[in-house]
Amino acid sequence: MRKLGLAALLISLCSTAAFADATVKVLRPEVPSNEKAYYEKVITEFEKANPDVHVNFEYIANEAYKQKLTTLLQSDQKPDLIYSWAGGVLGQQAKAGVLQDISASLTGDWAASLSSSGTAAFTVGGKIYGVPVNASDVVFWSNLDVAKKVGIDVNAIKTWDDFLAAVKKAKDAGVTPIMVGGKDKWPLHFYYGYLMVREAGRDGMAAAMDGKGDGFAAAPFIKAGEDFKELIALEPFEPGFMDTTFEQASGLFGDGKALFHLMGDWDYGVSKQNSVSGKGIPDNKLATIRFPAVVGGAGEASDTFGGMNGFAVIAGAPPEAVEFLKFLTSADNQKVAGAEGVFIPVAKGSEANMTNPYFRKTAEALAQSKFHQIFLDQALGSDVGATINDAAADLAQGVVTPEEAAKSVQDAWAMR
């Protein structure tokens, strides 16, 4: 593994910051071991250049992170940097005064290395509270051995009808079509949310967020629920899917127990790590396909749904926290992350070093996308986000109609 820190960058850091005995605490949801190793390498190089600064990463399970973060940020145990999916949740944190404005620090080469869309995702009211590290798009991870067994060409799936036909064919063959972590709800929201993007498109999503017309209760959003219900009617998920967590579902997919798993790029590492073997599905038996287009929908087939993820700086964090963030997100370190397949980096030019074929494919899709919708449970804020996750879970269990689900989201959005 090549060194992450380049001499010029290290000299710059040393010359611009006179640090004295500081600890930078970073909180992040759990990640695969290769990403942890990457962060450790970054930390080692940073601490070499700044011997009086120590950086500590703490990892907690994804769902626990979301549940505990608000309380933690109000305590005396709050971290200095937190992982963020941006969107409305970041906006709520900024308005609550728990984040630090770093606009004055984000200048020069650092600012120039970041995409405008990435920086915009961490900007609230004209102030910058963090920076992006990686982008993501939700895709269908596919087990080619299972696909071959049931006679399905996953690359031929282009439309929602194509996908439903593949699910039915797998189901009829006695194979679990899709693994899903329904207990955490947000994996179910990927279906509902992506279908909203396909049905409503950029303009429809913007109109709903602006409160125009019937908002999230408008026809395209009801149709998205109907599309989802078509899938649910096929009973596509594993038995007991509402008792399965994301981590469990990812591991079970890695064990070869299903044809598909709808998840972001991070699932490449998680599904391998959480499998019984620790190796998951071999790369030559693994494929990804884009979320299918919906015929008649207002969305473009190239529209993407995922995250613009990074780290936000907490109010009261020492200046060393910002300097570490600057080092972590430097173009050189981002290129290493891309080359090693840790995640899909966002620094300009960093995609050129990507070797992971799945990540490169996703990066190309993101580059071609004219509209990238941030996860709705983040984009709409924590309260409305919880409502949309609940609505997706309720639809999956057949306890609400598409009209009722859409109305619940609109009511929550109108009352925020």
Exam field: side chain [X] to backbone [Y], donor-acceptor pair closer than 3.5 Å:
X	Y	result
Ser136	Gly307	yes
Ser250	Glu247	no
Thr176	Ile178	no
Ser275	Asp255	no
Tyr358	Asp283	yes
Trp413	Met209	yes
His372	Leu366	no
Asn56	Lys25	no
Gln410	Phe216	yes
Gln100	Ala317	yes

Decide whether Thr159 and Asp161 meet the rule of one side-chain donor and one side-chain acceptor closer than 3.5 Å. no
Flag for Thr245-Glu63: side-chain donor and acceptor within less than 3.5 Å: no
Do the non-hydrogen side-chain atoms of His261 and Leu252 ever get within less than 4.5 Å of each other?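 No, side chains not in contact.
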Face-on cation placement of Lys127 at Tyr129 ring, 6.0 Å and 45° thresholds: no
Are there more than 12 heavy atoms of other residues, nucleotides or ligands under 6.0 Å from atom NZ of Lys348?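 Yes, because the 6.0 Å sphere around NZ of Lys348 holds more than 12 heavy atoms from other groups.
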Whether over 12 other heavy atoms sit under 6.0 Å from Lys407 NZ: no
Looking only at non-hydrogen atoms, find the nearest pair between Ser142 and Val154 and report the distance.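 Distance-wise, the nearest heavy atoms are CB-CG1, 4.1 Å.
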Could you pull out the closest heavy-atom pair between Thr244 and Gln248, with the gap in Å? CA-OE1, 3.5 Å
Under the criterion side chain to side chain contact (heavy atoms under 4.5 Å, CB included), I'd like the reasoning laid out for Thr329 against Phe311: C-alpha separation, chi angles, the key distance, then a yes or no. CA-CA 10 Å; Thr329 60; Phe311 288 92; 5.7 Å; no
When Phe246 is tested against each of Phe190, Trp186, Tyr65 for ring-ring contact (aromatic ring centres under 6.0 Å, His included), which residue passes? Trp186
Start with the C-alpha gap between Val133 and Asn309, add the side-chain angles, then the distance that decides, and say whether side chain to side chain contact (heavy atoms under 4.5 Å, CB included) holds. CA-CA 6 Å; Val133 173; Asn309 317 318; over 6 Å; no
Does the ring center of Tyr38 lie less than 6.0 Å from the ring center of Phe343? yes
Pairing of Asp303 and Arg198 as salt bridge, 4.0 angstrom limit: no
Note: Arg28-Glu35 ion pair, threshold 4.0 Å (strictly below): yes
With rounding to the nearest 0.5 angstrom, report the NZ to CZ distance, Lys272 to Phe253.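 If we round to the nearest 0.5 Å, Lys272:NZ and Phe253:CZ are 9.5 Å apart.
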The criterion is ring-ring contact (aromatic ring centres under 6.0 Å, His included); which residues satisfy it with Phe57, sequence neighbours excluded?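 For Phe57 the ring-ring contact (aromatic ring centres under 6.0 Å, His included) partners, ignoring immediate neighbours, are Tyr39, Tyr59.
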Should the pair Tyr194 and Phe291 be assigned to parallel (<30°), tilted (30 to 60°) or perpendicular (>60°) ring geometry?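 Parallel, since the angle between the ring planes stays under 30°.
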So His54 and Thr23, side chain to side chain donor-acceptor pair (under 3.5 Å) or not? Walk me through it. CA-CA 5 Å; His54 305 284; Thr23 297; 5.8 Å; no
Kindly list each side-chain donor-acceptor pair under 3.5 angstrom involving residues 223-231, sequence neighbours excluded, with atom names and distances?
| from | atom 1 | to | atom 2 | distance (Å) |
| --- | --- | --- | --- | --- |
| Lys223 | NZ | Glu199 | OE2 | 3.2 |
| Lys223 | NZ | Asp227 | OD1 | 2.8 |

Using the rule given for side chain to side chain contact (heavy atoms under 4.5 Å, CB included), can you reason through Asn353 versus Gln334, listing the C-alpha separation, both sets of side-chain angles and the distance that settles it, and then say yes or no? CA-CA 9 Å; Asn353 290 46; Gln334 285 261 291; over 6 Å; no
